[in-house]
Amino acid sequence: MQYRKFPATEEEVSLFGFGTMRFPVIDKDESRIDEEESIRMIRTAIDNGVNYVDTAFMYHGGHSEVVVGKALKDGYREKVYLADKFPVWMIRQAGGIEALFEEQLRRLDVDRIDFYLVHALDQTLWKKVKEKGVLPYLLQLKKKGKIGKLGFSFHDDLSVFKEIVDEFPWEFCQIQLNYIDTEFQAGVEGLRYAGERGLPVIIMEPLKGGKLTEDLPESVSEVWNRSENKRSPAEWAFRYMADFPEVLTILSGVSTMEQVRENLAIFSNEEPLGLNETDRLLVSEAAAEYQRLTKAGCTACRYCMPCPQGINIPVAIDYYNQWYRFHAYRATKRDFELDLPGDQRPSRCTECRECEEKCPQKLPVSDIMRETADLFEKE
Ligand code: SF4
Ligand code: SF4
């Protein structure tokens, strides 16, 4: 297993971080985790050198924390850095900041969380964090030893990322990044910005939820086939991320034992993972190919919103594009169902075309909604 040092410490974190957002489930029910298999997967990873396990209050409707807690019994807790996240938006519902944190310790059945992240910060949540006094409370927990390192995970644009990095003495951060989303949210610039300020970065979605590995479009496979190094699409994506020295660990939300074993093989490579100049060119060609396969040039500007039927138009169009870009139909459909509640789905479109009048890209949104509904909402 390859490891990266946490700056200014002797602590070494495995480059493969075990993500627990996509455990195997029973009967497609996200709240019914196949516990036995999930525990076996976590322990196999730890037995083979993984020492970073990441969960969150919300994953699998709260069951992920419970299953992680069970997996870390029998001496496994001492072998890993345990990461969990604080959902600011749940404070009131959970009965306050303290009750929320205590609930997490209870579910995990531990008395300390090593890497604690304020979850999914964007501009609105960051404001709320400051208003609610979340950080002073978390600093107290840190003083008492209940939290190890304090960081945040992030979903907004680059300027908000920089603001959050600069406004608090964070110890690490977590961003979404892969070789096709280099300018999305914090992006590569955000990664470098954090690195320059001494913050190690944890990467999420390195495979874009499996879409960069499942059923590749032929033209993308052709790009990879041109390399004399025979690597799986997952290895290309992980190597792209590992190439950045700012990266501490790369989270992979594995769903099967096969994926665990594939990742273990990649991250246990004798040579440090990374890319040479020829490889880098090839990765940018693959990214450009995905770009070329994008059907609707939606910029997610949201000028079309709100839709009188409540449809989340930019997100629906993003799934429409993903369908044609990735050919990863199973993974894309699963994410569509998780991301878009029934009352925001494109089948509600009445073809009123209000959105089309407001769209600066002149997209035929109502046609796209019809086609997207056919792709995703019909059995
Ligand atoms: S055309 Fe469809 S998507 Fe556009 S505003 Fe009307 S109902 Fe909403
Ligand atoms: S206005 Fe057009 S480009 Fe902007 S989010 Fe809506 S559909 Fe996309």
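Just so you know, these numbers come straight off a predicted model, no measurement behind them. Numbering of ligands and ligand atoms starts at 1, following listing order.
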Report task. Before giving the answer on ring pair (Phe, Tyr, Trp, His ring centres under 6.0 Å), spell out for Tyr137 and Phe101 the whole-Å C-alpha distance, their side-chain angles and the decisive distance to 0.1 Å. Result -> CA-CA 10 Å; Tyr137 180 74; Phe101 182 73; 7.1 Å; no
In the protein, which heavy atom is nearest to [atom], and how far is it?
atom                    : value
atom 2 (Fe) of ligand 2 : Cys359 SG, 2.4 Å
atom 4 (Fe) of ligand 2 : Cys301 SG, 2.3 Å
atom 8 (Fe) of ligand 2 : Cys298 SG, 2.4 Å

Query - Matching residue for Phe172 among Val13, Val201, Leu117, Leu199 - test: side chain to side chain contact (heavy atoms under 4.5 Å, CB included) - result: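 Answer to the side chain to side chain contact (heavy atoms under 4.5 Å, CB included) test with Phe172 among Val13, Val201, Leu117, Leu199: Leu117.
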Interfacing atoms of ligand 2 (cut-off 4.0 Å, heavy-atom, [X]):
X      : answer
Ile317 : 7 (S)
Cys304 : 1 (S), 5 (S), 6 (Fe), 7 (S)
Arg302 : 4 (Fe), 5 (S)

Query raised in the report: Side chains of Gln259 and Ser252: is there a donor and an acceptor less than 3.5 Å apart?
Result: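 Checked: Gln259/Ser252 side chains show no N/O donor-acceptor pair below 3.5 Å.
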Report task. Answer with yes or no whether the side chains of Tyr319 and Asn312 bring together a donor and an acceptor at under 3.5 Å. Result ->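 Not at all, the side chains of Asn312 and Tyr319 share no donor-acceptor pair under 3.5 Å.
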Check for a donor-acceptor pair, side chain of [X] on one end and backbone N or O of [Y] on the other, with a separation under 3.5 Å.
X      : Y      : answer
Ser14  : Asn51  : yes
Tyr320 : Lys295 : no
Asp156 : Gln123 : yes

Give the atom numbers and elements of ligand 1 that come within less than 4.0 Å of a heavy atom of [X].
X      : value
Cys349 : 1 (S), 2 (Fe), 3 (S), 7 (S)
Thr350 : 7 (S)
Pro308 : 5 (S)

Query raised in the report: From atom 4 (Fe) of ligand 1 out to just under 2.8 Å, does an N/O/S atom of Cys355 turn up?
Result: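 True for Cys355.
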Query raised in the report: Any idea which of Arg353, Met369, Gln309 brings a heavy atom closest to atom 1 (S) of ligand 1?
Result: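 When every heavy atom of Arg353, Met369, Gln309 is considered, Arg353 comes closest to atom 1 (S) of ligand 1.
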Report task. Starting from the C-alpha separation in whole Å, work towards a yes-or-no answer on ring pair (Phe, Tyr, Trp, His ring centres under 6.0 Å) for Phe16 and Tyr52. Result -> CA-CA 8 Å; Phe16 168 17; Tyr52 190 94; over 10 Å; no
Query raised in the report: Does any N, O or S atom of Cys352, backbone or side chain, fall under 2.8 Å from atom 2 (Fe) of ligand 1?
Result: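 No - counting backbone and side chain alike, Cys352 has no N, O or S atom under 2.8 Å.
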